[in-house]
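Structure record follows, encoded as structure tokens.
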Amino acid sequence: MNRRKIIMVSMTIGLIILILASIGIYTKQEQKAAAVQTEQSEAEDNNVVTYNGKKYKYNTDIKALLFLGIDRSEKVEVNSQPGEGGQADTILLLVLDRSEKTLKVIEVSRDTMIDISVYDASGSFLAKSKAQIALQYAYGNSTRKSSQLMKNTVSDLFYGIPVNGVITLDIEGLSKIVDAVGGVRIVVPDDYSVIDPAFTTGTEVVMDGSQAEKYIRYRDTAVTGSNDDRMRRQNQFLMALIQQLKGMDGSTLYDVVMRGAGEYIYTDVKAEELKCLSNYGYEEEMNTIPGKMQAGPDHDEFYPDESKLYEIVLKLFYKPIDK
């Protein structure tokens with residue numbers, strides 16, 4: 001992977017990273033186990049795995065937090081069961097190494113195909129069904145339940161690593177945050193005039209809240225892989241925001257953000273834990289999961305490269321055991 005510039009961020013900018021990107025239970029699947037050819041003895045420590053003849057032990061200094069950007073505008077249906085909680089259009093797994101004081105971000109495509117848990121209107125579990133991971137959020141009967149379902153499913157995707165907390169932002173909160181900080185300046189990289197007439201190639205734009213929401217939300221569902229382009233715009237927008245806010249007073253920024261979007265945010269992470277982000281170095285470039293995007297019968301379907309994904313999990317969450 002290319003070398004990435006490490007930048008230190010304040011507690012409030014760390015919180016902005018979590019918020020503005022929007023706009024465990026271990027159920028190991030047999031297919032995944034076969035794909036990576038993992039050999040694990042029942043006699044081994046539960047935190048030890050063997051891959052390609054080498055042993056790895058889970059790194060207990062690692063903590064994983066999940067960020068979700070939620071769009072509630074559309075209802076979904078999986079196997080004839082409606083889900084009304086909304087969709088997790090943005091899914092970020094934040095990997096905190098508490099020993100090294102580093103924070104890495106893994107961006108998960110909303111189109112990732114995985115077994116999700118389907119519930120009926122009364123909240124009773126019905127079945128597991130293969131669907132886009134974004135749809136898992138729809139099957140909770142509350143923000144808390146939907147967020148927990150996403151934690152479980154993301155844990156499954158990453159081979160059972162524990163997801164220790166979640167931060168959820170409804171899309172409606174984005175424009176309020178951007179307006180509260182006076183807009184975000186970017187240079188439009190391509191012709192996105194279909195999104196907004198002001199978004200022409202090379203144009204410098206100070207986006208207000210409405211423009212920012214459109215810029216990071218839009219995708220042409222008629223084009224296979226359009227979510228990849230949207231994720232690149234989200235990453236660009238986030239980096240522009242960080243650069244803009246570096247010099248601002250932290251306490252003031254925190255107050256502005258929470259006043260603007262507090263009602264749109266849900267989290268089970270304690271404030272003290274969020275404050276610890278001030279001590280972490282943040283990788284300026286997000287990590288993505290290798291895999292293949294293809295057109296499905298109803299929508300785009302992204303299938304991770306299981307071997308490469310497992311190797312990412314080993315690299316970020318485990319340490320090799322030297323013999």
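All heavy atoms count here, side chains included; hydrogens, waters and symmetry mates do not.
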Is [X] reaching over with its side chain to a backbone N or O of [Y], donor-acceptor style, under 3.5 angstrom?
X: N287; Y: V105; value: yes
X: D179; Y: G209; value: yes
X: Q132; Y: E301; value: no
X: S155; Y: I161; value: yes
X: T203; Y: F199; value: no
X: Y139; Y: I116; value: no

For [X] and [Y], which heavy atoms make the closest approach, and how far apart are they?
X: T168; Y: S147; result: OG1-OG, 3.1 Å
X: T153; Y: I114; result: O-CD1, 3.6 Å
X: A212; Y: M207; result: CA-SD, 3.8 Å

Taking ring-ring contact (aromatic ring centres under 6.0 Å, His included) as the definition, give me every residue that meets it alongside [X], ordered by chain and number, with sequence neighbours left out.
X: Y56; answer: none
X: Y266; answer: none
X: F317; answer: none

Validation: residues 81-88 side-chain donor-acceptor distances under 3.5 Å, sequence neighbours left out:
unit_1, atom_1, unit_2, atom_2, d
Q87, OE1, R110, NH2, 2.2

Examine the side chains of S193 and D191 and answer whether a donor and an acceptor come within less than 3.5 Å of each other.
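Present: a donor and an acceptor within the cut-off.
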Taking only Lys NZ, Arg NE, NH1 and NH2, and the carboxylate oxygens of Asp or Glu, determine whether R217 and D89 approach each other closer than 4.0 Å.
no
R232 bridged to D229 by N-O distance under 4.0 Å:
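Salt bridge flag = yes for D229 with R232.
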[X] [atom1] to [Y] [atom2] distance, which is reported to the nearest 0.5 Å:
X: D120; Y: N141; atom1: CG; atom2: CG; answer: 10.0 Å
X: F237; Y: Q211; atom1: CZ; atom2: CD; answer: 10.5 Å
X: H299; Y: L135; atom1: NE2; atom2: CG; answer: 6.0 Å

Contacts of S175 that satisfy side chain to side chain donor-acceptor pair (under 3.5 Å) - sequence neighbours left out
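With neighbours one apart ignored, the set is empty.
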Tracing side-chain links under 4.5 Å among I, L, V, M, F, W and Y, which residues wind up in one group with M113?
Y303
Report yes or no: do Y215 and V187 belong to one cluster of Ile/Leu/Val/Met/Phe/Trp/Tyr joined by side chain heavy-atom distances under 4.5 Å?
no
Quick one: do L126 and V76 end up in the same hydrophobic cluster if we chain Ile, Leu, Val, Met, Phe, Trp and Tyr together by side-chain heavy atoms under 4.5 Å apart?
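Per the 4.5 Å side-chain linkage, L126 and V76 are co-clustered.
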Please determine whether side-chain contact (heavy atoms from CB on, under 4.5 Å) holds for the pair T267 and F67, giving the CA-CA distance in whole Å, both sets of side-chain angles, and the decisive distance to 0.1 Å.
CA-CA 9 Å; T267 183; F67 175 82; over 6 Å; no
